[in-house]
Amino acid sequence: MSISSINYASSILGSQIRNINQQLTDLSTQLSTGKLSQNYSGMGTNEGFAIAGRAQLSNIAAYTDTITNVNVNINLANTALQSLTTIRNTVQTGSASTSRDLNVNGQTVAQNTAAAQFGSMVGVLNTQSGNRYLFSGTAFNTQSVANASDIINGTTTQAGFKTVMAERQAADLGADGMGRLVQTQPTPSSVQVSEDVAGSPFGLKIAAVSSTLTGATVTGPSGSPVSFSIDFGATPPNNGDKFSVQFTLPDGTTEQIDLTASSATPTPLGGFAIDPGNPNAIPPVASNPNITASNLNTALGTAIKKLAGTSLVAASAVTAGDNFFNTAGSATANVVATGNLLPAYTSTTGTGSVALQDSALAASSATTSLDASATPHLDGTILSALANAPTGTTLTITGASGVHTITFDPAATTVTTAGGDTTIGLGSGSAAKVSDILNAIATAAGVPAANVTLSASGNIEIATGTGTDVAVTGGAAATALGLSSVTRGGNVPSTPPITGSTVLSGTATLGGPEVLSTAFQAADTITVNGQTLTFVASGATGPNQINITDDITTLLGKIDQITGTTKPSTIHGGVITINTDDAASLNIASSNSTAFAALGFTSSPVTATQPPLRVGSSPASSATTLVNGSANTVKWYLGNDGPGSARSTAVARVDDSVAVQYGAQADEDAIRRQLQAIAVFGTFSTSPTGQYSGEQVSALSSRVTQALTPQPGQQRIEDIQTDIAMAQNTMKDASTRQTQAKAQLQSIIDQAESASPDQVASQILALQNALQASYQVTSNLSQLSLVKFL
């Protein structure tokens with residue numbers, strides 16, 4: 001038989017020893033590396049959690065890098081915005097306290113400061129973070145704002161802001177410096193002022209007129225072009241009577257001219273001279289309305305020229321800034337629109353052309369006697385004409401109760417009335433007074449006694465009343481008393497220019513409002529920027545319905561609500577102007593083209609002229625339109641100007657479910673308004689020795705101060721800072737969450753992959769003991785012999 005030797009290597013004991021050795025090697029590696037294994041297969045069942053956790057840690061690392069980079073951009077942007085706030089405060093302080101001292105260039109120190117700050121602001125707006133322009137929106141590779149010099153002075157092929165401002169000023173002032181107003185005297189006793197062209201955007205616009213001028217008739221403002229007139233009668237204004245006219249300036253502000261009638265010599269500032277006549281002459285010379293009218297005409301012309309040369313110039317500069325820098329615009333109706341009007345009868349007051357005097361050459365009163373022997377009595381010339389001895393005279397008056405007579409009897413001494421006819425005695429000892437003449441006129445005319453009065457200057461005034469005409473038959477008595485017929489306003493149909501109160505549908509009725517010449521009907525629509533405004537018979541609700549019985553003011557309000565304009569649309573002199581904050585987006589059309597044309601929009605769709613806006617023709621002083629000047633005018637903002645918010649032009653994901661928006665654009669409202677105001681103030685200059693130069697700068701300074709003062713509802717620089725600060729806070733919160741998640745994820749990974757040194761050491765010790773015991777057994781076995789075995 002064969003005898004097999006014992007092979008240690010293949011024995012069970014040897015295999016166990018090798019296994020123990022391998023375990024010792026693995027544990028030694030774990031102890032030195034701190035890891036359970038050097039490959040995934042040795043990590044155990046929890047390695048899947050570790051792998052997922054490691055992926056999340058990688059994402060967190062990427063988010064951390066993004067947050068770091070975005071924070072750099074936001075910090076730079078915030079620093080830039082803070083600089084803009086400092087610039088604003090500096091210029092505003094200067095404009096609020098600027099003096100009228102002009103240098104040789106026609107500017108103040110504050111204006112020079114503003115010009116320098118404009119350059120600084122342009123530099124701030126062109127801030128870069130790496131190769132990214134922070135205020136260019138999505139066009140971050142493009143410089144945000146054109147160079148300061150190009151913006152103000154232009155280039156060889158494109159006009160800058162200085163040129164646009166000069167053109168606008170010429171257009172607003174007009175060739176004669178009257179603010180595009182035409183002043184005339186249609187008759188020697190009247191003054192008329194009118195705008196030069198209906199619908200023109202330039203110059204002063206007549207807003208309102210008020211008067212306390214005794215004996216003067218004021219008409220308007222009305223018509224198209226809008227005008228007003230003052231017509232003086234025989235009765236001169238009283239000392240202190242006032243005439244006021246309010247104008248709207250191109251920038252939307254209003255200014256008022258106040259002129260006071262004065263008998264003082266010299267005429268005080270802000271007044272016009274009343275012609276006093278010569279009451280001491282024999283016969284007395286009455287006040288001449290032609291001279292008074294001429295004096296008012298001169299004073300009014302001087303006041304208008306001063307207003308045009310001061311506030312209008314300042315308002316023109318501000319508006320030129322808007323035309324150049326702002327993306328807002330407007331659409332003006334093509335023609336003057338007219339409606340249908342059927343006015344009610346209106347009461348009219350007639351004033352006698354003769355100022356009654358007494359024998360003391362003073363203005364008569366109601367108690368002045370008609371007895372030539374009394375003291376004082378009615379002027380002898382008038383009494384002689386009335387008495388017409390020996391027959392007397394008769395005054396015939398036709399009123400509401402028919403034809404009646406007033407007889408002046410030189411032989412009678414009493415006043416008698418019968419059936420509306422009155423006899424007034426003018427004989428010696430008569431008790432009759434001027435009040436008896438007034439009462440007799442009221443009785444004959446069929447009007448209340450209170451409707452016939454004597455003015456302070458001695459003129460008889462007859463108020464017809466709403467339903468009464470008063471016809472006075474001429475003759476010696478009518479001439480002596482200065483009486484003439486007074487006829488109420490008639491219900492004659494007319495087609496005046498439309499106003500805000502013009503109704504959109506219907507038929508003109510007696511005394512009712514003006515109605516549009518072509519009516520809108522129920523179910524008609526007007527589409528505004530893609531939204532439909534529907535006409536309904538009644539009960540309109542919400543922003544997208546309007547009643548056909550509403551007026552034009554309501555219609556413009558509905559349109560403005562849809563467009564979202566911050567500058568309300570207007571109607572002036574029958575011409576509608578629709579304003580919009582985004583000229584590029586305005587698009588208006590109607591299903592009823594005829595009614596839409598009746599509003600003055602004869603072409604469809606209605607769109608706004610694209611900024612920058614330039615004076616439309618040459619010479620500028622007679623231009624009547626603004627046109628798109630993009631082809632030959634510097635574009636100041638070079639970045640992204642597409643739709644959407646400025647903040648959305650830069651978006652970063654900073655967590656699995658969190659993204660922040662931190663974009664900015666130099667054409668944002670707050671930034672643009674500040675840049676515009678500073679450019680206007682720093683660019684404007686005037687003649688150092690001009691008559692109104694100081695007042696021009698003062699008027700401009702107040703407007704710039706106002707423009708640089710944040711107004712409720714307007715975006716502010718601080719609002720932009722708040723927006724990006726919120727983005728920064730969002731990232732801070734995300735970073736905090738990620739730090740916590742990172743620790744938790746690392747703990748999971750460590751639990752899955754890390755080896756405990758204490759546990760490994762304990763296991764190594766146990767294995768060493770086991771290995772030592774195995775070696776001992778092996779050693780004993782290796783010394784075993786047959787003899788020992790037996």
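Note that the numbering runs from 1 along the sequence shown for the chain.
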Problem set entry | Set of side chain to side chain contact (heavy atoms under 4.5 Å, CB included) partners for Thr85, sequence neighbours left out | Gln82, Arg88, Asn89, Ile717, Glu718, Gln721
Exercise. Looking at OG1 of Thr563 and CG of Asp581, how far apart are the two atoms once the value is rounded to the nearest 0.5 Å?
Worked result: 7.5 Å
Seminar exercise, completed: Residue pairs passing the salt bridge (Lys or Arg N to Asp or Glu O under 4.0 Å) test with at least one member in residues 616-635, sequence neighbours excluded, are Lys635-Asp641
Exercise. Taking it one step at a time, do Asn340 and Glu514 satisfy side-chain contact (heavy atoms from CB on, under 4.5 Å)?
Worked result: CA-CA 5 Å; Asn340 297 321; Glu514 180 183 15; 5.8 Å; no
Exercise. Atom CG of Asn73 and atom OG1 of Thr127: how far apart are they, to the nearest 0.5 Å?
Worked result: 11.5 Å
Problem set entry | Student check: side-chain heavy atoms of Leu555 and Leu533 closer than 4.5 Å | yes
For this session: Would you please indicate if the ring centroids of Phe161 and Phe324 are separated by under 6.0 Å?
Result: yes
Problem set entry | Whether Phe596 and Phe601 hold their rings parallel, tilted or perpendicular, with breakpoints at 30° and 60° | parallel
Problem set entry | Residues in side chain to side chain contact (heavy atoms under 4.5 Å, CB included) contact with Ala315, at least two apart in sequence or another chain | Leu249, Pro250, Asp251, Arg703
Exercise. Under the side chain to side chain contact (heavy atoms under 4.5 Å, CB included) test, which residues partner Lys162, sequence neighbours left out?
Worked result: Ile152, Asn153, Thr683
For this session: Assert yes or no for the condition that the ring centre distance of Phe325 to Tyr637 is strictly below 6.0 Å.
Result: no
Exercise. Considering only heavy atoms from C-beta outward, does the side chain of Gln545 approach that of Phe535 to under 4.5 Å?
Worked result: no
Problem set entry | Pairs satisfying salt bridge (Lys or Arg N to Asp or Glu O under 4.0 Å), at least one member in residues 610-625, at least two apart | Glu167-Arg614
Exercise. With Val182, which residues qualify under side chain to side chain contact (heavy atoms under 4.5 Å, CB included), at least two apart?
Worked result: Thr184, Ser194, Asp196
Exercise. Rounded to the nearest 0.5 Å, how far apart are CG of Leu586 and CD of Gln610?
Worked result: 9.5 Å
Exercise. If we ignore angles and hydrogens, is there a donor and acceptor under 3.5 Å between the side chains of Thr705 and Ser95?
Worked result: yes
